[in-house]
Amino acid sequence: GLQLSYALSELGVRHAVLSRDPSAGGMFRRFPFFQRLLSWTKPYAPCPRTEREYERYDWNSLISETPEQRGLMPTLMDGTSSFPSRPEMERNLALFAERTGVSVRYGCEWQATRREANGFVLVTSDGEYRCRVAVFAVGVAEPWRPDTPGMELAPHYADTRPAESYADRRIFIIGKENSAFELASGFLQWAKRIILASPSPTKLSVNTNSLVGVRARYVQPYEDHVLGGGVLILNAAIQEIARDAGGFRVRVRKSNTNEEMSFDVDDVIAATGWVPPLRDLPELGVVTFGRNKLPALTPFWESVSAKGIYFAGTIMQASAGLKKNGIPSNSGAVNGHRYNARVLARHIARTHFGIEPPRPEIHRSDVVPLLMRELDHGPELWHQRSYLCRVVSVTPDEGIRDEGTLPLAHFVDAAGPDAVAVTIEPNASGQNYPAIYVRRGGGVSERLLEADERMAFDSPDRRAALADAIKELVGS
């Protein structure tokens, strides 16, 4: 919400930001349970913190056009880790709001929603607010459990006790995604036995070459399992949880053989996932999908079924994009959705308020240098690979225009003027390629440039290839 508010203000769109929290920081007051974030910020990088390119090495700062407001996260870290702590992240968000002048009405809880002729009415603990467009940045942080018999006996990840209270105990963790492995990692020094179980095999981000799977920070329990150190990882469905003398009995069925097994443990924790707190939005027509009940969204993060209702922040992951080679966006994390927010602000300004964002005219000789520079240094393209793209349009009336950053799915699927878009496209082996999409006469063609192990693409050969790909579009 803070990032979107800043971007809207820069465009001159009047708006209000409502939050039930007492101050900036939100979920980082409670999660992750073991303090350190999954996303890194590198205090020392190949470029100064005040430059836009530094965002590629800083996954946690919100972004600004003003150098003094950039790269705030490293200034707040104590130097013991490149992964900020929860309190550091909380101060980072508060400092951004202070430096940029983002105004938030804290302690104001959204309670209900209704549609009126000219927009929406938000019923809150402070009264009613009317708006033309409603944007919900409410996170994906409401605990979810399956309806497995006895699941109500297992505290959710959100209700995990202090780590030391699990000393010398047998712990059964239901789930094998990041929250489950985070707990397992933190319990290694306390528990005498840790079991993790879910039906599907564990995916590791170091194997998927993406953020899909358990992140490298939490791989220690997996290694412990492989080496027989006391952690057991099962591909098994939970059949029942029941109280037993002094603890619990968990009955499971193995995924590959249907063999049933049971485990006597002292504690059971359900690391079974989260859903967004959508309240009454489904009654207004917001359609959801999947186990996580995410809203179905357009490439511009608008509900596909309830026009005028948009989503920001972590929920933006619901707009999947093209998922080239099966690799999703980073929209579920700050380093991804901070760029989405800027794109969304421009879309809302243009579509709903008649405010045209800047679209500077550029000379044809500057097109190739601009696009090559973005491929090498544009943090949006590196953090949101195959999801966001840099676009240059060409029309007889307006000439050649820099359209800024747009969703790649929109560029490929929607009608529009002749244009070229560039993005970084990863493959399943972890290689990154510069990708060129040319839209001309209603059709779209794609061309990949050669990869580079140094991830530096600006070379004479690639410049020549890009120029050749767009010569009929912009002229020579």
Side-chain angles (χ1 to χ4, degrees), residues 27 30-38 139-161 163 166 169-188 190-191 193-208 210-226 230-242 247-256 260-276 290-294 314 317 328 332-333:
M27 64 168 280
R30 296 186 62 197
F31 309 123
F33 181 79
F34 282 103
Q35 290 286 330
R36 292 287 177 188
L37 276 61
L38 273 176
V140 185
E142 193 170 89
W144 176 86
R145 293 180 176 86
D147 57 2
T148 304
M151 187 64 72
E152 71 281 358
L153 300 175
H156 191 271
Y157 168 99
D159 302 311
T160 303
R161 304 190 311 267
Y166 295 93
R169 295 173 73 84
R170 301 162 297 173
I171 307 173
F172 195 108
I173 301 174
I174 302 170
K176 298 206 300 286
E177 296 184 0
N178 277 308
S179 58
F181 273 83
E182 180 211 340
L183 293 182
S185 298
F187 289 150
L188 284 174
W190 298 104
R193 185 79 187 275
I194 301 173
I195 304 164
L196 298 94
S198 71
S200 300
T202 303
K203 292 181 179 179
L204 304 179
S205 65
V206 293
N207 292 333
T208 65
S210 71
L211 296 188
V212 174
V214 177
R215 298 290 297 280
R217 264 178 50 76
Y218 298 151
V219 168
Q220 184 62 46
Y222 190 88
E223 180 183 78
D224 193 293
H225 160 71
V226 172
V231 174
L232 183 62
I233 299 176
L234 295 173
N235 299 331
I238 310 303
Q239 300 299 296
E240 182 185 39
I241 303 167
F248 301 88
R249 175 162 290 182
V250 182
R251 189 164 54 85
V252 306
R253 176 175 287 126
K254 294 181 66 175
S255 300
N256 59 341
E260 288 206 1
M261 307 170 68
S262 63
F263 297 88
D264 294 323
V265 296
D266 300 300
D267 294 282
V268 183
I269 302 173
T272 47
W274 312 83
V275 295
R291 186 202 75 182
N292 293 334
K293 301 295 183 185
L294 294 172
T314 304
Q317 65 186 285

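- Both tests do not hold together for R249 against F263: distance to the six-membered ring centre under 6.0 Å, angle to the ring axis within 45°.
- Rounding to the nearest 0.5 Å gives a distance of 12.5 Å between CZ of F172 and CG of D267.
- Counting heavy atoms from C-beta on, the side chains of F248 and D264 never come closer than 4.5 Å.
- Of all heavy-atom pairs between L38 and Y218, the closest is CD2-CE1, 3.4 Å.
- In terms of heavy-atom proximity, D224 sits nearest to G230 at OD1-N, 3.1 Å.
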Take L183 and I269 through the side-chain contact (heavy atoms from CB on, under 4.5 Å) test and state the conclusion after the steps.
-> CA-CA 9 Å; L183 293 182; I269 302 173; 3.8 Å; yes
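- Proximity of a side-chain donor or acceptor of R30 to a complementary backbone N or O of A158 within less than 3.5 Å is detected.
- The neighbour count for Y166 OH, taken as heavy atoms of other residues, nucleotides or ligands under 6.0 Å away, is above 12.
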Under 3.5 Å, which donor-acceptor pairs do the side chains of residues 193-204 form with other protein atoms, sequence neighbours left out?
from	atom 1	to	atom 2	distance (Å)
S198	OG	K176	NZ	2.8

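- Taking both residues in full, the closest heavy atoms of S205 and S210 are given as CB-O, 3.1 Å, listed atom of the first, atom of the second, then distance.
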Where do F187 and F34 land on the side-chain contact (heavy atoms from CB on, under 4.5 Å) test, with the steps shown first?
-> CA-CA 10 Å; F187 289 150; F34 282 103; 3.9 Å; yes
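- In this structure, CG on N292 lies 11.5 Å from CH2 on W274, to the nearest 0.5 angstrom.
- The side-chain contact (heavy atoms from CB on, under 4.5 Å) with I174 is formed by just one residue from the set I238, V252, T148; it is I238.
- Side-chain contact between P276 and E142 is absent, with no heavy atoms from C-beta onward closer than 4.5 Å.
- Summarising the geometry, atom CD belonging to E240 is positioned 11.5 Å from atom CZ belonging to R253; distances are rounded to the nearest 0.5 Å.
- V231 and P221 get closest at one heavy-atom pair: CG1-O, 3.6 Å.
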Please step through side-chain contact (heavy atoms from CB on, under 4.5 Å) for the pair K254 and N235, ending with a clear verdict.
-> CA-CA 6 Å; K254 294 181 66 175; N235 299 331; over 6 Å; no
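- Residue R217 holds its CZ atom at 8.0 Å from CD of E182, rounded to the nearest 0.5 Å.
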Run the side-chain contact (heavy atoms from CB on, under 4.5 Å) check on V140 and Q317 step by step: do they pass?
-> CA-CA 10 Å; V140 185; Q317 65 186 285; 4.0 Å; yes
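- Shown here for H156 and G273, the closest heavy-atom pair between the two residues is NE2-O, 3.0 Å.
- Listed here is the closest heavy atom pair of T314 and G332: CG2-O, 3.5 Å.
- Using cut-offs of 30° and 60° for the angle between ring planes, the F33 and Y157 rings count as perpendicular.
- The existence of a salt bridge linking E152 and R145 is excluded, since no basic side-chain nitrogen approaches an acidic carboxylate oxygen closer than 4.0 Å.
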